[in-house]
Amino acid sequence: MDIDQIYKAANLLSTFHDPEAPKLSINLNRVVDSQLTKGLDVDTRETESGVDVQINIQKGVVISRPVHLCFGVTDEQAVQRIKMDIHVEEGAQIQVMAHCVFPQAVDVKHLMDAVITLEKNARYSYLERHIHSQDGGISVIPNARIHLGENARFRTDFELIQGRVGLIDMNYETICAAGSVMEMTAKINGTHDDIIRIHETGHLNGQSARGVLTTKVAVRDRAKAEVHNKLTASAPKARGHVDCKEIIQDQGTAVAIPIVEVNHPKAHVTHEASIGSVDSRQLQTLMARGLSEDDAVELIIQGLLS
Amino acid sequence: MEFLRVIDLTLSLNGNPILDHLNIDFWKGHIHAIVGPNGAGKSTLAYTIMGLDGYQNIQGSILFKGRSINGLSIDERARMGMTLAWQEPARYEGLAVQHFIRASAKDKSDHAINDVLEKVGLTPKDYLHRAVDKSLSGGERKKIELASTLAMKPELILFDEPDSGIDVSSLRKIFNIIHTLKAMGTTVILITHSLDVLKQADHAFLICHGQLIDKGDIEKISRYFEEECMSCDHKNVPDPKENP
Ligand SMILES: Nc1ncnc2c1ncn2[C@@H]1O[C@H](COP(=O)(O)OP(=O)(O)OP(=O)(O)O)[C@@H](O)[C@H]1O
Ligand SMILES: [Mg+2]
């Protein structure tokens, strides 16, 4: 199986064959394609089981086209370790779309360690979309530590809604300086005996720092989810919100552990969490339009995770 | 023709009789109205006909197109051709209007989805991609509910308070749709305590305290409703003198 089959599985053929599109493509521990653009420096080093990647966006550079990263594993059995060090210099802006594609995985472990630094006024948006096989033998263990400089803006969306989850154990932590804005969202669809563990932490350390942690999870069959959201606010006018929504069906179980910690009288953090089965009014409305109960639940979950 | 018949229908909720030996015959292709004061049991009757959770444990029977639907699930009833539009429609986080409507549509083409949105007075390009969630106003949500019932092309629609949360000009549109539905052969049951809505019907049933008080043409029922019910001080308990 070659890289094109990965692109195909992720519906990315045209993106990755576009000669103008900035991109970096990795199959297990080999860099198979790379296309840079002015102001974007990428340095890669292939290791025994993965790739170390350093990305730097030079001061003031605004990269208007999204940069696509593809982390694929075509093998049935493998361990892939990716180390990423991303540095966005002062005032620079970049939008990254990462595609993690494991279409044949039977026993694949994908480990990601990322350090992301945004200098003053930098902007970084990161969408990570996973496409897995229908086999549950995948473990995805992403860790990221993100530092936001003054007035920097960081947004990340993590999506695992295609194929089986297997095991996901993610741990993201963001430290926010004055005036910076952070939004972290995770959407995961668990079925069979999938295990979902999410740790999302934000520290609103600077004055007027703002942050939102959002988690949307569905667990069906015997899947289990555990969501730990922590948001601390330690400076005047720091404001944050934690939002966790988990739908459970069948024998699924879900735990939400939101921690909000406020260390300054002029800071403000709110949280809302809801765990439960599909709302009965929503369900009955769709059934009154002729959908079976299963189809109605599917549509409601698709909506939530869309 | 016999279309929907409620026969000696009794339903108790938490030990309280809410529907009390109701007998109503809804003719095919007509616009019917069910009127009555707050708490009369109008919504309960609609929920019971649709077979919602908690409204299944009835005495008596409900016949739809000649077949008893007692014990059938909501979706089985819907697939026989009936649907219900709620007074306060549900909201769905993240679910796009187009997917919500398409799910119930008989004809799932873009053209058909656009068509029902236009019929309820919503510009498709402005709404197709919006979510059916809190961001819609109450009136917009209600119109989308109506659009999804239209897309389903049912034989019977139960409308619980079609006017609630709807402004005057939109209400006219909704009345037009109700008449279009009738022209297409759909049977409509309007649940209301508004005289304006009542006037759209061919005939009406007045219920109070879960009992049928009177039935007949609109003039007769609206007069009764205005003169007797609006000033009624017996708190929903039918006066035996008025109900011989
Ligand atoms: N689950 C329940 N348990 C006990 N009583 C109930 C339940 N649901 C409804 N009722 C009661 O049944 C009666 C009829 O309610 P219903 O909602 O059908 O009235 P309605 O005619 O639709 O009134 P409105 O015009 O206010 O919508 C009310 O007195 C209500 O309080
Ligand atoms: Mg009611």
Side-chain angles (χ1 to χ4, degrees), chain A residues 127 129 157-162 183 185-189 212-219 227 241-249 254 256 270 272-306, chain B residues 46-47 49-56 72-106 108 116 129-133 141 144-160:
Chain A
L127 169 74
R129 188 168 61 111
D157 289 277
F158 183 97
E159 229 181 71
L160 206 174
I161 51 186
Q162 246 175 295
E183 287 170 73
T185 301
K187 294 177 181 174
I188 301 178
N189 187 16
V212 182
L213 304 177
T214 306
T215 317
K216 293 180 182 179
V217 171
V219 279
V227 178
H241 182 65
V242 179
D243 188 357
C244 174
K245 184 147 198 173
E246 297 178 79
I247 289 186
I248 62 166
Q249 294 287 124
T270 51
E272 59 184 290
S274 90
I275 303 184
S277 99
V278 168
D279 174 78
S280 92
R281 173 75 73 88
Q282 293 177 347
L283 194 62
Q284 295 191 68
T285 299
L286 293 170
M287 290 173 73
R289 302 291 133 75
L291 276 76
S292 69
E293 186 168 343
D294 285 349
D295 289 348
V297 167
E298 184 62 36
L299 188 67
I300 293 166
I301 289 176
Q302 273 177 23
L304 180 76
L305 299 177
S306 70
Chain B
Y47 298 166
I49 292 170
M50 197 69 231
L52 302 191
D53 289 351
Y55 297 85
Q56 290 243 354
L72 292 191
S73 65
I74 304 169
D75 52 322
E76 285 167 328
R77 293 176 199 219
R79 285 195 289 271
M80 283 179 76
M82 66 162 75
T83 195
L84 165 68
W86 270 256
Q87 176 176 352
E88 278 277 340
R91 288 164 196 269
Y92 299 81
E93 195 172 335
L95 182 62
V97 166
Q98 55 169 338
H99 299 314
F100 174 69
I101 296 178
R102 191 167 279 122
S104 48
K106 263 222 169 84
K108 298 192 188 292
V116 292
H129 304 287
R130 288 189 59 180
V132 189
D133 65 9
R141 177 65 192 94
I144 286 162
E145 182 80 347
L146 183 57
S148 92
T149 59
L150 289 179
M152 187 185 160
K153 297 199 167 72
E155 292 173 61
L156 167 70
I157 299 191
L158 296 146
F159 276 122
D160 198 355

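First the proteins, then the strands, lettered A, B, ... as listed; each starts at 1. What's counted below: heavy atoms across the whole structure, side chains too, no hydrogens, waters or symmetry copies.
In this structure, R289(A) contributes its side chain and L84(B) its backbone to a donor-acceptor pair below 3.5 Å.
Using a 4.5 Å cut-off on side-chain heavy atoms (C-beta onward), T285(A) and Y92(B) make contact.
Across all non-hydrogen atoms, the minimal contact from S306(A) to G94(B) is OG-O, 3.1 Å. Residues R91(B) and Q282(A) come closest through the heavy atom pair O-NE2, 2.6 Å. Nearest heavy atoms, A288(A) versus A78(B): O-CB, 3.3 Å.
Only the backbone of M82(B) comes within less than 4.5 Å of a heavy atom of chain A; no side-chain atom from C-beta onward does. Both the backbone and the side chain of L286(A) come within less than 4.5 Å of a heavy atom in chain B. Contacts between E76(B) and chain A at a heavy-atom distance below 4.5 Å are absent for every atom of the residue. Only the backbone of E293(A) comes within contact range of chain B, with at least one heavy atom under 4.5 Å from a heavy atom of that chain.
Of the options Q284(A), R281(A), M287(A), a side-chain contact (heavy atoms from CB on, under 4.5 Å) to D53(B) is made by Q284(A) and by none of the others.
One distance of note links CD of E93(B) with CG of D243(A); it measures 6.5 Å at 0.5 Å rounding. Atoms CG and CD1, on L291(A) and I74(B) in that order, are 11.5 Å from each other to the nearest 0.5 Å.
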